[in-house]
Amino acid sequence: MTTTALVTGANKGIGYEIAAGLGRLGWAVGVGARDDERREAAVARLREAGVDAFGVPLDVTDDASVAAAAALLAERGGLDVLVNNAGVTGGGVQTPSEVDLDAVRAAVEVNVWGVIRLTNAVLPLLRRSPSPRIVNVSSGVGSLTRQSADDGTTGPLSAAYSPSKTYLNAVTVQYAKELAGTGILVNMGCPGFVATDLNGFRGTRTPAQGAQTPIRLATLPDGGPTGTYSDDDGPIPW
């Protein structure tokens with residue numbers, strides 16, 4: 001029986017590499033993305049590499065789009081693994097005293113509310129899977145311990161992006177608590193400082209390197225950990 005995964009924001013960067021990595025395991029991988037042309041181009045590239053990839057039109061901020069994506073997955077036979085990778089910075093100046101509330105709203109809409117919206121839409125499918133997994137791609141900058149240390153490892157002041165990841169972490173813990181005992185493992189993974197368009201390609205890691213922790217969490221064995229927050233080096237302090 002083929003394992004089916006959905007990766008959001010999978011048309012490029014870390015999401016694409018997560019999809020490629022899971023596809024190399026022989027999984028069927030849904031490429032979730034808003035832009036039709038970029039999504040289908042990514043699907044074509046993955047198929048050329050031997051991945052059983054299929055496109056999933058998906059805007060995580062839109063109820064109708066999310067419902068349609070869930071319906072498409074149901075028609076294809078279900079879903080085993082959800083990787084919530086899509087994310088935005090919110091843009092603009094993020095110094096707390098100067099931040100535009102629209103930037104905060106944009107970051108939370110995608111990075112948190114979008115995760116909740118999609119997760120809840122596909123949860124009935126995951127409940128029917130023999131080995132369901134939910135992986136939320138978080139960030140080390142969401143760690144309040146690291147933020148409080150002020151040692152330069154969490155980048156510039158951020159009143160939108162970093163707090164949105166802290167919020168995502170908190171929500172993920174609540175899902176892990178609710179779903180404890182169901183077999184659905186829910187974990188957070190930080191890809192590290194990856195060179196993507198999200199940070200103007202300033203990162204020091206490749207998308208393929210950034211995909212490793214999400215792939216590890218997507219492939220945890222039955223009975224594995226849930227509610228964890230980690231990167232390639234191990235647990236991240238809250």
Side-chain angles (χ1 to χ4, degrees), residues 7-9 13-15 17-18 60 82-99 103-116 119 133-180 185-218 220 224-238:
V7 183
T8 67
I14 299 167
E17 293 298 340
I18 294 171
V60 298
L82 170 62
V83 182
N84 286 304
N85 166 76
V88 299
T89 64
V93 175
Q94 295 203 7
T95 305
S97 62
E98 301 175 288
V99 70
V104 178
R105 188 174 294 110
V108 174
E109 178 70 62
V110 175
N111 300 349
V112 184
W113 298 339
V115 170
I116 296 172
T119 300
R133 307 286 180 263
I134 298 173
V135 179
N136 291 337
V137 178
S138 184
S139 170
V141 303
S143 164
L144 293 177
T145 298
R146 290 184 176 178
Q147 287 283 357
S148 301
D150 193 26
D151 57 5
T153 60
T154 54
L157 291 172
S158 169
Y161 180 72
S162 295
S164 77
K165 291 300 187 178
T166 307
Y167 187 0
L168 173 63
N169 291 349
V171 167
T172 305
V173 168
Q174 299 305 312
Y175 272 110
K177 289 169 65 177
E178 178 185 358
L179 298 172
L185 304 181
V186 189
N187 292 285
M188 295 151 279
C190 170
F193 191 32
V194 176
T196 68
D197 56 4
L198 196 73
N199 56 42
F201 297 96
R202 297 190 310 273
T204 56
R205 290 164 58 83
T206 66
Q209 289 173 321
Q212 294 311 300
T213 287
I215 291 172
R216 172 177 59 81
L217 296 173
L220 286 172
T226 191
T228 67
Y229 180 31
S230 64
D231 58 16
D232 286 358
D233 295 324
I236 298 174
W238 297 102

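Model, not experiment: these values are computed from the prediction. Side-chain atoms are counted along with the backbone in the values below, which use heavy atoms only and exclude waters and symmetry mates.
Across every non-hydrogen atom of Pro191 and Ser138, the tightest pair is CD-O, 3.5 Å. Closest heavy-atom contact between Pro214 and Ile18: CB-CD1, 3.6 Å. Annotation for Gly15 and Val7: closest pair O-CG1, 3.6 Å, computed over non-hydrogen atoms. For the residue pair Ile215 and Glu17, the shortest heavy atom distance occurs at CD1-O, 4.1 Å. Closest heavy-atom contact between Lys165 and Val137: NZ-O, 2.9 Å. Closest approach of Ala160 and Ala103 over heavy atoms only: CB-O, 3.8 Å.
You'll find the side chain of Val115 stays beyond 4.5 Å of the side chain of Val60, heavy atoms only. Here the side chains of Arg146 and Val141 are not in contact, with every heavy-atom distance at 4.5 Å or above.
Defined by atom type and a distance below 3.5 Å, a donor-acceptor pair is present between the side-chain atoms of Thr213 and Asp232.
A side chain to side chain contact (heavy atoms under 4.5 Å, CB included) with Tyr229 is found for one member of Pro235, Ser143, Pro237 and no other, namely Ser143. The side-chain hydrogen bond (donor to acceptor under 3.5 Å, both in side chains) with Asn84 is formed by just one residue from the set Thr8, Thr119, Asn111; it is Thr119.
Taken to the nearest 0.5 Å, the OG1 atom of Thr228 stands 5.5 Å off from the CG atom of Leu217. The CG atom of Leu220 sits 6.0 Å away from atom CG of Leu185, with the distance rounded to the nearest 0.5 Å. Once rounded to the nearest 0.5 Å, the distance linking CD of Gln212 with CD1 of Ile14 reads 11.5 Å. Summarising the geometry, atom OH belonging to Tyr161 is positioned 10.5 Å from atom OG1 belonging to Thr166; distances are rounded to the nearest 0.5 Å. The line from CE of Met188 to CG of Asp231 is 12.5 Å long, rounded to the nearest 0.5 Å.
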**OP:** Report the C-alpha separation of Tyr167 and Val108 in whole Å, then their side-chain angles, then the decisive distance to 0.1 Å, and conclude whether the side-chain contact (heavy atoms from CB on, under 4.5 Å) test is met.
**Re:** CA-CA 8 Å; Tyr167 187 0; Val108 174; 3.8 Å; yes
**OP:** Please test Asn187 against Ser230 for side-chain hydrogen bond (donor to acceptor under 3.5 Å, both in side chains), starting from the C-alpha separation and ending with a verdict.
**Re:** CA-CA 8 Å; Asn187 292 285; Ser230 64; over 6 Å; no
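Judged purely by atom type and a 3.5 angstrom limit, Gln94 uses its side chain to pair as donor or acceptor with the backbone of Thr89.
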